[in-house]
Amino acid sequence: MPLAAATWDHLRALPRSPRLPVLFLGHGSPMNAIEDNAYRRSWQALGAEFGTRYPRPSLVLCVSAHWLTRGWWLTGMDKPKTIHDFGGFPQALFDQRFPAPGAPAAAREIARGIASPRIALDTTEWGFDHGTWSVLKPMFPQADVPVVQLSMDYDRPPHEHLALGRELKALRERGVLIVGSGNIVHNLRRTQRGASAMQAHDWALAFDQVVTRQLQDGAHAQLADFQKLGEVARLAHPTWEHYLPLLHAAGAVDAGEPLRFFNTSYQSASISMRSVVWG
């Protein structure tokens, strides 16, 4: 069910603004958040484009691969906590904090404005998991842009995730930067330590190439049919929580909208770091 335009016209917490782009960021290893590598530097450079090439957002809405729920939820607290949802990494990674404020009023208005599916508010439990803070902290190191995180209902079919992205599209003209954070290929069972950034399994290369063509062609509906690729898709995503944020992001994009890729390389031969900016 599409959003009624009048609903967005009455958003008091989100006034009209120049249109923001949409991002899909391959986040890969949590260590990318603190290592001085090409991925972290690219996020820093992208953040610097807001206020120059792009308008500066008044709010970031981030869809992370790492918040899976029954139904869809938005963080609705004033001060979301930094969640260290990983293990076996150096203490320096656990010491990281991302103290960006929440946006309870905006979260309530967004939740009320979406006709289907129903969006609930989480005011106590979640916060910013590493899918969100690992990319947003390099982009906005002052943590001065409010952030809300949107969960994903993993039990719902992929086309519903794409449809929810379409529901969010109009928020781009309300100062909202929509960010999907996951990976186009993500199979931790098949990692190869020591692989170079340009080495990847054949199936990882194949899946990444198919998705790249679909993105270039604006064939967003085909993105939701990724499981039809059979064994290549099963190897690229034994579970598909890292792929679903791409659907939310692509859904928020208009047909024919220009895009650019960056970080078109791999980690550990089985994680595609390919990232996209639309607009």
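As the structure is a computational prediction, the values presented were derived from the model and not from experiment.
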Colleague: Check step by step if side-chain contact (heavy atoms from CB on, under 4.5 Å) holds for Y154 and T239.
Modeller: CA-CA 10 Å; Y154 188 75; T239 58; 3.5 Å; yes
Colleague: Minimum heavy-atom separation for W203 to V185, with atom names?
Modeller: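 Taking every non-hydrogen atom into account, CZ3-CG1, 4.0 Å.
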Colleague: Tell me, with the steps shown, if R172 and E257 meet salt bridge (Lys or Arg N to Asp or Glu O under 4.0 Å).
Modeller: CA-CA 13 Å; R172 297 173 59 188; E257 198 161 351; 2.4 Å; yes
Colleague: Is the closest side-chain donor-acceptor distance between T69 and S151 under 3.5 Å?
Modeller: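 Present: a donor and an acceptor within the cut-off.
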Colleague: Which pairs count as side-chain hydrogen bond (donor to acceptor under 3.5 Å, both in side chains) when at least one residue sits in residues 119-128, sequence neighbours excluded?
Modeller: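 Listed by first then second residue: W126-D129.
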Colleague: Could you check whether H201 and S270, counting side-chain N and O atoms only, form a donor-acceptor pair closer than 3.5 Å?
Modeller: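 Judged by distance alone, the side chains do not pair up.
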Colleague: Do the side chains of L23 and V276 get nearer than 4.5 Å, heavy atoms only?
Modeller: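 Side chain of V276 against side chain of L23, heavy atoms only: no contact under 4.5 Å found.
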Colleague: Do H161 and L164 come within less than 4.5 Å of each other through their side chains, counting heavy atoms only?
Modeller: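 No, every pair of side-chain atoms sits at 4.5 Å or beyond.
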Colleague: Using modelled atom types and a 3.5 Å cut-off, is there a donor and acceptor pairing between side-chain atoms of T132 and backbone atoms of C62?
Modeller: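 No; judged by distance alone, with no hydrogens or angles, the pair does not exist.
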Colleague: In the structure I gave you, are the side-chain heavy atoms of T75 and W67 within less than 4.5 Å of one another anywhere?
Modeller: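 Yes, their side chains come closer than 4.5 Å.
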Colleague: Counting only heavy atoms not in D144 (residues, nucleotides, ligands), do more than 12 fall under 6.0 Å from its CG?
Modeller: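 Atom CG in D144 is packed in, count exceeds 12.
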Colleague: So, D208 and R274, do they make that salt bridge, N to O below 4.0 Å?
Modeller: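 So D208 pairs with R274 through a salt bridge.
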Colleague: For the residue pair W133 and H84, is the inter-centroid distance of their aromatic rings smaller than 6.0 Å?
Modeller: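 Yes - the distance between ring centres of W133 and H84 falls below the 6.0 Å cut-off.
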Colleague: Does R19 come within less than 4.0 Å of D254, counting only side-chain N to carboxylate O?
Modeller: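 Salt bridge: yes.
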Colleague: Is a side-chain N or O of N183 found less than 3.5 angstrom from the main chain of S272, in a donor-acceptor match?
Modeller: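 Judged by distance alone, yes, a pair lies under 3.5 Å.
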Colleague: State which residues pass ring pair (Phe, Tyr, Trp, His ring centres under 6.0 Å) with H186; sequence neighbours excluded, sorted by chain then number.
Modeller: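 Ring pair (Phe, Tyr, Trp, His ring centres under 6.0 Å) list for H186, sorted by chain: H242.
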Colleague: Quick one: pull up CZ in R12 and CZ in R108 and give me the separation to the nearest 0.5 Å.
Modeller: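 Reported to 0.5 Å precision, the distance equals 9.5 Å.
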Colleague: With a 4.5 Å limit on heavy-atom distance, are the side chains of M273 and T264 in contact?
Modeller: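 Of all side-chain heavy-atom pairs linking T264 with M273, none is under 4.5 Å.
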Colleague: Please give me the minimum heavy-atom distance between M139 and L25, naming the atom from each residue.
Modeller: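 Heavy-atom minimum between the residues: SD-CD1, 3.9 Å.
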Colleague: Are any of the side-chain heavy atoms of V145 and L136 separated by less than 4.5 Å?
Modeller: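 Not in contact.
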Colleague: Applying ring pair (Phe, Tyr, Trp, His ring centres under 6.0 Å), can you list everything that pairs with F89, at least two apart in sequence or on another chain?
Modeller: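 Testing F89 for ring pair (Phe, Tyr, Trp, His ring centres under 6.0 Å), a comparison that skips the adjacent residues, returns F86.
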Colleague: Without hydrogens or angle criteria, can the side chains of H248 and R166 be said to hold a donor-acceptor pair below 3.5 Å?
Modeller: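 Their side chains do not contain a donor-acceptor pair, so the 3.5 Å distance test is not met.
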Colleague: Hey, could you give me the CZ/OG distance between R174 and S58, rounded to the nearest 0.5 Å?
Modeller: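 Between R174 CZ and S58 OG, I get 10.5 Å after rounding to 0.5 Å.
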Colleague: Treat each ILVMFWY residue as a node, draw an edge where side-chain heavy atoms are under 4.5 Å apart, and state whether V148 and V135 are in one component.
Modeller: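 Different clusters: V148 never reaches V135 through Ile, Leu, Val, Met, Phe, Trp or Tyr contacts under 4.5 Å.
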Colleague: Yes or no on side-chain contact (heavy atoms from CB on, under 4.5 Å) for N263 and S275, after CA distance, side-chain angles and deciding distance?
Modeller: CA-CA 6 Å; N263 287 347; S275 300; 4.2 Å; yes
Colleague: Taking only residues two or more places apart in sequence or in another chain, which ones pass ring pair (Phe, Tyr, Trp, His ring centres under 6.0 Å) with F98?
Modeller: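 In terms of ring pair (Phe, Tyr, Trp, His ring centres under 6.0 Å), with neighbours along the sequence ignored, F98 is linked to F128.
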Colleague: Do F262 and I178 share a hydrophobic cluster (ILVMFWY, side-chain heavy atoms under 4.5 Å, transitive)?
Modeller: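 Result: no, two separate clusters.
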Colleague: Tell me the closest heavy-atom pair linking P80 and G127, and the distance in Å.
Modeller: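 Where P80 meets G127 most closely, the heavy atoms are CB-CA, 3.9 Å.
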Colleague: Would you mind reporting whether P238 and R189 have side-chain heavy atoms less than 4.5 Å apart?
Modeller: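 Yes. Closest side-chain heavy atoms under 4.5 Å.
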Colleague: Taking all atoms of both residues into account, what is the closest heavy-atom pair of W278 and P21, and its distance?
Modeller: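 Closest approach of W278 to P21, heavy atoms only: O-CB, 3.0 Å.
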Colleague: Please indicate whether R97 has more than 12 foreign heavy atoms, meaning atoms of other residues, nucleotides or ligands, lying under 6.0 Å from its CZ.
Modeller: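 It does: R97 CZ has more than 12 such atoms within range.
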Colleague: Considering residues, nucleotides and ligands other than Q216, do more than 12 of their heavy atoms fall under 6.0 Å from its CD?
Modeller: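 Above 12, so yes.
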Colleague: CD1 of I119 to CZ of R112: how many Å apart, nearest 0.5 Å?
Modeller: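 I119 atom CD1 to R112 atom CZ measures 13.5 Å (nearest 0.5 Å).
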Colleague: Can a donor-acceptor pair be found, under 3.5 Å and without considering hydrogens, that links the side chain of T191 to the backbone of N187?
Modeller: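 No, T191 side chain to N187 backbone: no donor-acceptor pair under 3.5 Å.
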Colleague: Could you give me the CA-CA distance, side-chain angles and deciding distance for L215 and F261, then say whether side-chain contact (heavy atoms from CB on, under 4.5 Å) is met?
Modeller: CA-CA 10 Å; L215 291 168; F261 296 115; 3.9 Å; yes
Colleague: Extract all donor-acceptor atom pairs below 3.5 Å that involve side chains of residues 217-231 and protein atoms in other chains or at least two apart in sequence.
Modeller:
residue: H220; atom: ND1; partner: A250; partner atom: O; Å: 3.3
residue: E231; atom: OE1; partner: R234; partner atom: NE; Å: 3.2
residue: E231; atom: OE1; partner: R234; partner atom: NH2; Å: 3.1

Colleague: Which pair of non-hydrogen atoms, one from P101 and one from A143, has the smallest distance, and what is that distance?
Modeller: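 In this case the closest contact between P101 and A143 is CD-O, 3.4 Å.
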Colleague: For a quick test of reading the model, state the closest non-hydrogen atom pair linking P104 to G76 and the distance between them.
Modeller: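 For P104 and G76, the tightest heavy-atom pair comes out as CB-O, 3.5 Å.
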Colleague: Under a 4.5 Å cut-off applied to non-hydrogen side-chain atoms, are F140 and W43 in contact?
Modeller: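 Side chain of F140 against side chain of W43, heavy atoms only: no contact under 4.5 Å found.
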Colleague: Rounded to the nearest 0.5 Å, what's the gap from CG on L68 to CG on L244? Could you check?
Modeller: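 Going from the CG atom of L68 to the CG atom of L244 covers 8.0 Å.
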Colleague: I need the R156 CZ to R70 CZ distance, nearest 0.5 Å.
Modeller: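 Going from CZ on R156 over to CZ on R70, the span is 12.0 Å.
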Colleague: Is there a side-chain contact between P117 and E160 (heavy atoms, below 4.5 Å)?
Modeller: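 Not touching, per the 4.5 Å side-chain cut-off.
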Colleague: What residue among L168, V147, L177 forms side-chain contact (heavy atoms from CB on, under 4.5 Å) with L61?
Modeller: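 When L168, V147, L177 are each tested with L61, the side-chain contact (heavy atoms from CB on, under 4.5 Å) holds only for L168.
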Colleague: Starting from the C-alpha separation in whole Å, work towards a yes-or-no answer on side-chain contact (heavy atoms from CB on, under 4.5 Å) for L205 and Y266.
Modeller: CA-CA 9 Å; L205 291 168; Y266 299 83; 3.4 Å; yes
Colleague: Applying the side chain to side chain donor-acceptor pair (under 3.5 Å) criterion to H66, which one of H27, E241, Q149 satisfies it?
Modeller: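 So, applying the side chain to side chain donor-acceptor pair (under 3.5 Å) to H66 and each of H27, E241, Q149, only H27 qualifies.
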Colleague: Any ion pair linking E49 and R260 (charged N to carboxylate O, less than 4.0 Å)?
Modeller: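 Yes, R260 and E49 are salt-bridged.
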Colleague: Does S17 use its side chain to pair, donor to acceptor, with the backbone of G175 at less than 3.5 Å?
Modeller: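 Side chain of S17 to backbone of G175, a donor-acceptor pair under 3.5 Å: yes, one is there.
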Colleague: Could you measure the distance from the CD1 atom of I271 to the CG atom of L188? Nearest 0.5 Å is fine.
Modeller: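 Separation between the atoms: 5.0 Å.
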Colleague: Would you please name every residue forming a ring pair (Phe, Tyr, Trp, His ring centres under 6.0 Å) with Y39, sequence neighbours left out?
Modeller: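 So Y39 forms no ring pair (Phe, Tyr, Trp, His ring centres under 6.0 Å) with any residue.
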Colleague: Within the side chain of Q96, is there an N or O that forms a donor-acceptor pair under 3.5 Å with the backbone of L93?
Modeller: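 It does not hold such a pair.
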